[in-house]
Each structure stands twice: as structure tokens, then as C-alpha cells.
Amino acid sequence: MPLRGLLILCLLLAGLIAGWLVWRSFSSRHQVSKSSGSTISKQSIVLATHTFDPASPPPEMPPLGSGENAECDSDFRSSASVRGESRPTDATHATVTITHVTLTLQLNINIWVPAGVTQHVIEHEDGHRQISEFYYQTADKLAEQIASTYLGKQVEITGTDLDAASNKMLQEMAADITEEYNKELNPGPTQLLYDAITDHGRNEVVVKDAVAHALKNISIESPQPSRP
């Protein structure tokens, strides 16, 4: 093969490889699953670590819990939208059938540690991160399961403006879906058990072991939140 032809072939191969890598990178950052009647969009995790001055914590930092000197703030977010077909029965009554549910899921994790903190404290907060990410791994499956229970539902609406009544009902249903998702996801008890096992990072229990124990035994060892 002439040298020029060989160079052109190499360039074409390089272009194909680069294009594949870009597509793979985009796919890993944004997962969308579609099933009959529902779309679940699971955003990539956003993680940030911040160092703060305990004498003057920044205003955007959440308050520390009692006896805490660092924290991992995991913000699970979800937003839902619902579509339906309205079939009027008369001028002021209609039946709305739910035809599609869309859910967008997010997890933002912010780890806050004081300046000069020990590695032990950093590792403890990272354990909280691991628990949050564990729950987020299957969050799209949970969302899809919840969405499926609303599909095909028929809701009776009334009013002089049926379009407005339908939109209001769909918005309220979307709020119910996000509330149900947050309630079912519920990583809080596992985080509390992890803190109980590690005494909020004050003992020498290995983080990896504490995380594994909390995830495995939460159903039988669920602790109650401590009072300040």
C-alpha cells in the first residue's frame, strides 16, 4: 500500500476511535431508560469536596449535626412530569387516562471537612458518600417501578375549564410521584446506622466494614435519629 494511502487509513481509524470515545463518555454521564409509557433520565453524580474554617463556615454549608466536625451532604433530587389523554363526558366532567410519566433523577454530594482535618475523618465522610452512591445505583429501577403504577390510571375531573383542571391534576400527580420516590429511596436510616457503628467516626471501625454492615443489616438494625 502506498505511504499516502496508509496515512489516510490511519487517520480514518483515529477519527472513528475518537468518535466512539466521545459517544461513550456522553453515554456514561447521562443514562436514559425508556419503557412503555415512561422515561427515566438518570443524571451523573456531581461530587465536590470543600474545606472550611470552623470559626467561620461559609453560608452555603449546611449546619453540622450535634458533635460533628465534618459532614457529607447528599442531595437526592427528582422531578416528574405526567401526560394524559382527556375524554370529556359532558361540558364540566372528563376522564383523564395517564399515558406517560417522565422522571429526571439527580444526586449532588458535597463533602465538608475543616481545614487540617485528619485522614480518619475524611475516610468516615467518604463512607457516607459510598452509601449514597449505592442507593443511587438502582434509583432508576425504583423510579421506573413507581412510574409503572401510575400508567393507565383513570382520574375523573370536574370544572368549567376542563383543560385547567386536567393540567392541575397532572401537576399534582407529578408531585405525588416525586414524593413517593423520595420516600421509597430513603437512604437516611442506613446513614444513621453507619454513624452508630462508627460512633460518627470517633472509633476505629474500618470504614469499608462499617459501610458493608450498614447496607446489609439496615432492615434489622434501623436506629432512631438521635436528639440534639
Side-chain angles (χ1 to χ4, degrees), residues 28-31 40-79 103-146 177-228:
S28 66
R29 293 195 303 268
H30 185 89
Q31 300 177 26
I40 311 299
S41 177
K42 183 182 175 184
Q43 307 294 319
S44 60
I45 298 172
V46 177
L47 172 65
T49 300
H50 314 270
T51 303
F52 68 94
D53 178 0
S56 181
E60 66 272 18
M61 174 181 164
L64 291 171
S66 177
E68 298 278 3
N69 65 347
E71 69 177 319
C72 176
D73 178 43
S74 297
D75 183 13
F76 290 85
R77 298 184 181 184
S78 62
S79 61
L103 261 167
T104 301
L105 313 177
Q106 294 176 283
L107 172 57
N108 298 328
I109 302 176
N110 285 281
I111 297 177
W112 299 87
V113 294
V117 71
T118 65
Q119 184 63 30
H120 185 70
V121 171
I122 294 174
E123 291 174 356
H124 173 78
E125 298 306 323
D126 190 67
H128 283 295
R129 174 197 62 80
Q130 294 175 40
I131 292 171
S132 294
E133 292 188 2
F134 175 86
Y135 276 83
Y136 195 61
Q137 283 179 9
T138 55
D140 52 337
K141 304 301 182 185
L142 172 63
E144 188 173 338
Q145 179 183 352
I146 292 171
I177 290 172
T178 57
E179 182 179 355
E180 185 174 348
Y181 167 79
N182 292 331
K183 181 180 179 181
E184 292 294 328
L185 189 67
N186 193 25
T190 307
Q191 299 283 18
L192 288 173
L193 179 56
Y194 170 71
D195 270 335
I197 294 168
T198 60
D199 190 20
H200 297 269
R202 288 186 282 265
N203 61 28
E204 298 302 319
V205 176
V206 177
V207 166
K208 180 181 178 181
D209 296 340
V211 169
H213 183 97
L215 291 171
K216 180 180 179 181
N217 296 283
I218 184 56
S219 61
I220 57 176
E221 297 183 32
S222 182
Q224 296 297 318
S226 59
R227 296 181 177 180

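- In terms of the side chain to side chain contact (heavy atoms under 4.5 Å, CB included) criterion, residue partners of A55 (sequence neighbours excluded) are, by chain and number, D53.
- Applying the side chain to side chain contact (heavy atoms under 4.5 Å, CB included) criterion to P54, with sequence neighbours excluded, gives F52, P114.
- The minimum heavy-atom distance between Q43 and S41, with the atom names listed, is NE2-OG, 3.0 Å.
- Judged by distance alone, with hydrogens and angles left aside, the side-chain atoms of N182 form a donor-acceptor pair with the main-chain N or O of T178 at under 3.5 Å.
- Taking each heavy atom of V205 and I197 in turn, the nearest pair found is CG2-O, 3.7 Å.
- Scanning all heavy atoms of the two residues, the minimum distance from I177 to I146 falls at CG2-CG2, 4.2 Å.
- Counting all heavy atoms, side chain and backbone alike, L64 lies closest to E68 at CD1-O, 3.6 Å.
- Among residues two or more places apart in sequence or in another chain, the side chain to side chain contact (heavy atoms under 4.5 Å, CB included) test is passed with T51 by V113, A115.
- E179 meets the side chain to side chain donor-acceptor pair (under 3.5 Å) test with no other residue; sequence neighbours excluded.
- For the atom pair CG (N186) and CG (L142), the distance works out to 10.5 Å, reported to the nearest 0.5 Å.
- The aromatic rings of Y194 and H124 lie parallel to each other, with less than 30° between the two planes, well short of the 60° mark.
- Across every non-hydrogen atom of I218 and L193, the tightest pair is CA-CD2, 3.9 Å.
- Under the side chain to side chain donor-acceptor pair (under 3.5 Å) criterion, Y135 pairs with T190, not counting sequence neighbours.
- Residues satisfying the side chain to side chain contact (heavy atoms under 4.5 Å, CB included) test with S132, not counting sequence neighbours, are S74, F76, L107, I109, Q191.
- The structure places SG of C72 at 8.0 Å from CG of L47, a figure rounded to the nearest 0.5 Å.
- Rounded to the nearest 0.5 Å, atoms CG (L105) and CZ (R77) are 13.0 Å apart.
- If you take NE2 on H200 and CG on L192, they are separated by 8.0 Å, rounding to the nearest 0.5 Å.
- Every residue two or more places apart in sequence or in another chain was checked for a ring pair (Phe, Tyr, Trp, His ring centres under 6.0 Å) with H213, and none qualifies.
- Side-chain atoms of K42 come within 3.5 Å of backbone atoms of Q137 as a donor-acceptor pair (strictly under, hydrogens ignored).
- Applying the side-chain contact (heavy atoms from CB on, under 4.5 Å) test between E125 and each of I111, D73, V207, T49 identifies I111 as the sole match.
- Put simply, OH on Y136 and CD1 on I45 are 6.5 Å apart, with the number rounded to the nearest 0.5 Å.
- For the atom pair D140 CG and I40 CD1, the distance stands at 8.0 Å (nearest 0.5 Å).
- Evaluation of the side chain to side chain donor-acceptor pair (under 3.5 Å) rule for E71 yields no partner, not counting sequence neighbours.
- E133 pairs by the salt bridge (Lys or Arg N to Asp or Glu O under 4.0 Å) definition with R129, not counting sequence neighbours.
- Applying the side chain to side chain donor-acceptor pair (under 3.5 Å) criterion to E123, with sequence neighbours excluded, gives no partner residue.
- In this structure a side-chain-to-backbone donor-acceptor pair under 3.5 Å is missing from D195 to H128.
- Note on residues 200-217: pairs passing salt bridge (charged side-chain N to carboxylate O under 4.0 Å, His left out), not counting sequence neighbours, are D199-R202.
- Proximity of W112 to P62: side-chain heavy atoms (C-beta onward) are separated by under 4.5 Å at one or more points.
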